[in-house]
Each structure stands twice: as C-alpha cells, then as structure tokens.
Engineer: 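My questions will all concern the structure given below.
Just so you know, these numbers use all the heavy atoms, side chains as well, and skip hydrogens, waters and symmetry mates.
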Amino acid sequence: MLLEIYDPKAAPRPIGIDLGTTNSIVARMRDDEPVVIVDCNQAWLVPSVVHFDDRGVAIVGEDAQRLGSLDPVNTFASVKRLMGRGADDAETKRLGTYAFVAPANGENANTVRFRARDRVVTPVEVSAEILKKLKQMAVDELQRVGGAVITVPAYFDDAQRQATKDAAKLAGLEVLRLLNEPTAAAVAYGLEKKQNGLFAVYDLGGGTFDITILRLDDGVFEVKSTGGDSQLGGDDMDRAVAEKLLTALLGHEAQLATASVEVKRFALDAARRIKHGLTDANEVEVELPEGKGTFRLSRADLDALIRPIVEKTGVACRRALRDAGVQPKELDGVILVGGSTRVPLVRTYVRELFGKDPLADIDPEKVVALGAAIQAHQLAGEGPKDEILLLDVLPLSLGIETMGGVAEKVLPRNTTIPTGARQIFTTYADNQTGFVVHVVQGERELAADCRSLANFTLKGIPPMPAGMARLEVTFTVDADGLLKVAAKELTTGIEQTVEVKPSYGLSEEEVEAMLMAALDHGEEDLEARRLIEERVEAERVIIATTKALTIDADLLEASEREHIETALKELAEAIRGKSATVIHARIEMLDQATKPWAGRRMDRAVARAIAGKNVESIESDVAAAKGVDEHVLEHQRAREAD
C-alpha cells in the first residue's frame, strides 16, 4: 500500500461534499482523479444522522444511527427534508420522531425547532454537525482543508439553499459554490467517460428527486431544463413499508403518525433494512419485537407499495423533456444518481419511461460527491481554467407584483444562471413617494397564486405626477441560485438592495402545483391578467380625465362635456364587469370623446410654456427635455437587451 506524502507548506486542499438526506460523502482530487475520503474504518458513507447525548455532545454517523433505536427522541435523521421549511408545514409534522418546539417571543415562527435533551436545535444546526464530521474526515487525510463545493437538489429554492450555506458557515466551511446534484453527477460522468451528447440525469435520493436534461460538449455542461420534487425520495418508500409492518405488528390498520416514538423508529429502521435487502433478494424476513413473530415482504409486495411513489417521478421527467423540447429517443443516455436508484423497480421504471437502459457504471451514491470535488478543484484554481463550463438554470420563474396583483416575470424558469435582468416600472398615482416591491416565484399570472419571497419598500421619492417616476428593478441570480433584488428610482438615484431570504421553502405540493396549475389554468390566468390590466388602465384614465375636467373645463364645448361624462359613466360600469374586451372598448370610446378637447388643452399648455421666452431659451428647454427622453430610452434599450 502506498502512502501519500504530506507537504506542510502545501496550500489548503478544496473538497466536494454531497450533503445527503440518508447518507453524506466528502471527496477530493488525487492525481487529477476524484476520490472519496474514507474514515479510519475505511468507510466513505456517513449516515446523515445526529444524536445528542446527555452532555449535549453531538454524535454523528453510524454511532448515532445505532443510538437511534435506543433514544429516538434525541436522534435526528433525514433533516435535509426540513431545511428551509416552516414549523407549521404539514410535511414537517409528518417526518421523523422529533419533539417539535414552538418558537419563543422574538424567534422566527417560520423556522423548524426541536428539542434535543435540554437544548433547542434547528435543521441548520443538525446539518452543521454532519458537515463538521465530513470536514474532520477531510482534515484527517489532507491536514489542511480549503473551500468546499456543496451539492444541493436542483429544485431547492432560495430558502433551502440559504439554509445549506448557513449550515456550512456554522461548520466552519468556506462555500466555493452550491452545485446542483444532477449537474455534479454529469460533471463526474462526462469527464470520466469523455462522452458528449444529450443526457437525462435521474436523481432519486433519500428525500429529494431531480430530473435534469443537459448537453455535454467537450467540457461544456449546458442544462436545458430541470424539474423535480424537493420532498420525494427513499424516505417515502420506507414509510410505505413501515406502515405495512406496523399493521402486522399491531394487528390492525396502522399509521406512522399515530404510533409511539419508539415503535415509529423501529418500523422505519426495519423498513429501510427490508428495502435494502430486496435489492438483491426476492424475499426478506425481519423479527418483530415482544415475541410477535416475523414479518415477511417479497419484492413483488415492495413494488406494489412503492409504485405510486416511483410514478410520481415520471410527471417531472415528462415535463422536463417538454421544457427542453426533447423526445426520449433523442437522448444519448440516462444517468442514474442517488441511492434510491438501486431499487429494482426504479431502474425498470426508468427503462420504460425513457426507452433505454440507464447508465449506472459510476456508483450512483458516489457520483455527486466526485463531481463536486472536480468542480471544487477547478474553482480553487488547481485545474485547467477551461476544463469545465457549467451552465445551470432556474427551476421556477422570478418576478414582482405590479398594480392590480399581476405577477410580472423578470426571469423566466429555465433561464441559464448566473444571470440578471432589469425592467422599468412607474407610479400609478399622483404624488406617490414610495414603491412597495413584492418579489414572487412561480408560473401563474397573478401574484396571489405564486410564492411570496420578499417585500421591501423604496422610500423618499419626491412627489411627482403619475407616470413620471421611473423605477428600475434589477434581479441578479448568482451561481449558487441565490437571488438579489435592487430597486432604483432613476430621476433621483435613490436605491435599495435586498438579498432575498425567504423564511421557509416550497412543499412538494406547492412545487408541483406551481407548474401544473400554470398549465391547467393557463388560459384563464391570461384572461384574469388581461382583465386586471384593463381595469388598472381604466381607473387611471378616469382619474386623469376627471382631474382635467376640473382644471380645463372652460375649453369644453357644450356638447363635449355630455359625451365625455357619458363615456366616463359607461367606463366605470364596465370596470365593475368581468369583460376585459368591454373595458378596452369603453376606454377607446372615452379617448375618442376627449380627442378634440385634448388638442385644445395641449395648445394651451404649449402657449403657457413658451410665454415670455425667446427662441434661444425654448431651444435650450427642448434640448434638456430631449436629454431626459434619451436617458429613459437608454434604460429601456438596456432592459430589452437583457
């Protein structure tokens, strides 16, 4: 056996970390090849389990897993599914055997907390303990550890990504990048096999599912589309088996939710062993406690229990293919990632879904960590600068709420990241001195149907007539998929920037519903948006016309006022209706009724503007006005270019 010589003067070495739901792995580069790091027992898989002993000390990995059956209340597993989630989320209450704690005064009500002995901990703190364990394994082998690339599910939203970065910070790790798990797998596979083409990466782990369609082309990894479910994985299979086992144990139909903590932990642990055993065997038997005999499950029984779970992945796969504009037959391969892809039914389903045998010659459990190590090596400047180019995408659209509750998309889903975009908005009412910027995420046309991410207010705008203020909103998404929003009033230069940190993440129902509802309700959403936009415009026109009737009433001819007031009344009635077409037509009628009068008002305004001025001063005013117009046009052109 050869030993690697350690140079005490060598720079800290970068590492790649797969922070998994069930197991976690740390990897690094050795002789230009990615390898996993092992502990003193030559084990490379670290169970993502943390136990807090009676001194409050955290025990991580296999030892914690063994203590779980003896002390389940103080042992935490699968916390990745709780990262970035709210305390009142239905999924939160369904998972694990934890004693949840209500937030104290001043604490964020949208953060999960549970009791461990005499302390209260969060999923971020538990994840930090797992990351500390992985970092220590790396230190034991490398002596000095540098930055880390940590992988996350492609469908993790801002809250879940930020929670992961917070956990790394608590563990004392510098995060070089958060890398999407399917992309990391493609990096490892693409560089290992030196193979180009169009691939699907099917990533089914313990608690999350991702599907990514990407093209590999000589080191360029271009993601065409991504999809998935951040609350779907092997844990759901375990629960299905556990409930079957509980029924046998208790002698009646049983649910995990109503079982005691000890029984629940036994059932989940036994279910996981059964699932693993049925990967190779046709039948597995486990002994039930308290002399209640044995429980047998065949592979056919397992398939029947988990088929609905596996078929859920097909919905996201078909959507990702459609988004990428790709037919299954056009794919050059399907790469399997995640421990749950070892389940025979999963491989059979993938083969049927895509019409080809999946690729799994690199260990599905190692491949993500290996890809992360390769990327960390490059980001730390230790690899060729042009070896890898990653072009990832946004999983869901980002935008802001405009007048009337419309969701204006600034960055559509499947936009390549890192990215940025700008749009210019204006005021609705006279003398408005502030803008409320409401940032939303989702595919629906109305903000109320999307996910709210953040609210902030840009204050201090001087009073101006409606439509005169110019608010430039800039969205920037970094390589980690984290969003920053800036708002600037162009005439004054007043600006505010906010890093969007939502208080909790998306549930599986919300993620699926966001995209499916956008398809199911597409036409009615567009009609609802059009109705709102026409109502907003009609109200603006009514306010402006009513104001003008007061200021310039003397310019009206006798018959004109009657026509205008009739048109105003009909427009007000149309606003109360539900037809955008009728409202638009009434606006046009009012416009026609006011045209001659509007011309006379313009003549008066011009006469007042030039009264008492010579030609030179008028030319100077025109030049200044032109400069303002060019300034606005410049920002409009920049927005269109983006």
Side-chain angles (χ1 to χ4, degrees), residues 400-408 423-438 445-448 457-471 473 489-492 527-611 621 625 628-629 632 636:
I400 69 170
E401 179 179 0
T402 58
M403 190 65 191
V406 171
E408 182 67 28
Q423 281 190 222
I424 296 177
F425 301 88
T426 189
T427 48
Y428 171 78
D430 289 340
N431 303 320
Q432 192 172 324
T433 59
F435 290 92
V436 176
V437 181
H438 180 204
E445 295 296 330
L446 303 183
T457 304
L458 188 67
K459 298 179 180 178
I461 309 301
M464 293 184 241
M468 290 299 293
R470 292 290 185 271
L471 178 70
V473 177
E489 206 291 308
L490 297 178
T491 59
T492 61
E527 186 58 33
R529 176 181 182 138
R530 182 170 169 243
L531 177 60
I532 287 172
E533 289 176 339
E534 292 291 355
R535 280 175 172 167
V536 169
E537 175 63 12
E539 288 168 354
R540 185 195 66 78
V541 169
I542 289 173
I543 291 170
T545 305
T546 303
K547 182 178 178 181
L549 283 172
T550 302
I551 297 172
D552 292 323
D554 60 305
L555 295 178
L556 282 167
E557 296 179 0
S559 60
E560 284 180 329
R561 175 178 283 275
E562 184 180 349
H563 288 312
I564 292 171
E565 289 180 345
T566 299
L568 278 171
K569 182 179 179 182
E570 290 179 350
L571 180 56
E573 289 175 355
I575 290 174
R576 292 192 289 271
K578 295 183 179 181
S579 173
T581 302
V582 171
I583 296 173
H584 184 78
R586 296 291 186 268
I587 293 173
E588 291 291 323
M589 288 172 59
L590 180 58
D591 181 57
Q592 290 298 320
T594 57
K595 262 188 180 178
W597 176 51
R600 293 192 292 275
R601 292 182 65 228
M602 181 64 71
D603 291 342
R604 172 183 280 182
V606 171
R608 285 174 176 169
I610 65 175
D621 290 345
V628 173
D629 289 342
V632 173
Q636 289 175 335

Engineer: Would you mind writing out the side-chain donor-acceptor pairs for residues 556-566 within the sub-3.5 Å range, not counting sequence neighbours?
Structural biologist:
from	atom 1	to	atom 2	distance (Å)
E560	OE1	E557	N	2.9
E560	OE1	R600	NH2	2.3
E560	OE2	R600	NH2	2.9
R561	NH1	E565	OE2	3.1
T566	OG1	E562	O	2.8

Engineer: Which atom pair, heavy atoms only, marks the closest approach of L590 to A567?
Structural biologist: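 Heavy atoms of L590 and A567 come nearest at CD1-CB, 3.7 Å.
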
Engineer: Please round to the nearest 0.5 Å and tell me the distance separating atom NE2 of H438 and atom CD1 of I400.
Structural biologist: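 If I round to the nearest 0.5 Å, the distance is 10.5 Å.
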
Engineer: For L568 and L549, what are the C-alpha separation, side-chain angles and deciding distance, and is it a side chain to side chain contact (heavy atoms under 4.5 Å, CB included)?
Structural biologist: CA-CA 11 Å; L568 278 171; L549 283 172; 3.8 Å; yes

Engineer: Could you check whether any side-chain N or O of T594 sits under 3.5 Å from a backbone N or O of D591, counting only pairs where one atom can act as donor and the other as acceptor?
Structural biologist: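 Yes, T594 side chain to D591 backbone: donor-acceptor pair under 3.5 Å.
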
Engineer: Check step by step if side chain to side chain contact (heavy atoms under 4.5 Å, CB included) holds for D554 and R604.
Structural biologist: CA-CA 11 Å; D554 60 305; R604 172 183 280 182; 2.4 Å; yes

Engineer: Any donor and acceptor pair, going by atom type alone, linking the side chain of E408 with main-chain N or O of E401 inside 3.5 Å?
Structural biologist: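 Looks like no, no N/O pair under 3.5 Å.
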
Engineer: For T402 and V536, run side chain to side chain contact (heavy atoms under 4.5 Å, CB included): C-alpha distance rounded to whole Å, both residues' side-chain angles, the deciding distance at 0.1 Å, then the answer.
Structural biologist: CA-CA 10 Å; T402 58; V536 169; over 6 Å; no

Engineer: Hey, what do you get for CE (M464) to OG1 (T426), rounding to the nearest 0.5 Å?
Structural biologist: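 It comes to 8.5 Å.
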
Engineer: Could you give the distance from CE (M589) to CD (Q592), rounded to the nearest 0.5 Å?
Structural biologist: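 Between atom CE of M589 and atom CD of Q592 there are 10.0 Å.
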
Engineer: Calculate, to the nearest 0.5 Å, the distance between atoms NE2 and CG belonging to H584 and L531 respectively.
Structural biologist: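 H584 NE2 to L531 CG: 13.5 Å, rounded to 0.5 Å.
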
Engineer: Tell me whether W597 contacts the main-chain N or O of D552 through its side chain, where contact means a donor paired with an acceptor under 3.5 Å.
Structural biologist: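 Yes, W597 side chain to D552 backbone: donor-acceptor pair under 3.5 Å.
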
Engineer: Please output the side-chain donor-acceptor pairs of residues 569-582 that fall under 3.5 Å, not counting sequence neighbours, one pair per line with the distance.
Structural biologist:
from	atom 1	to	atom 2	distance (Å)
S579	OG	V582	N	3.2
T581	OG1	R530	NH1	3.3
T581	OG1	R530	NH2	3.3

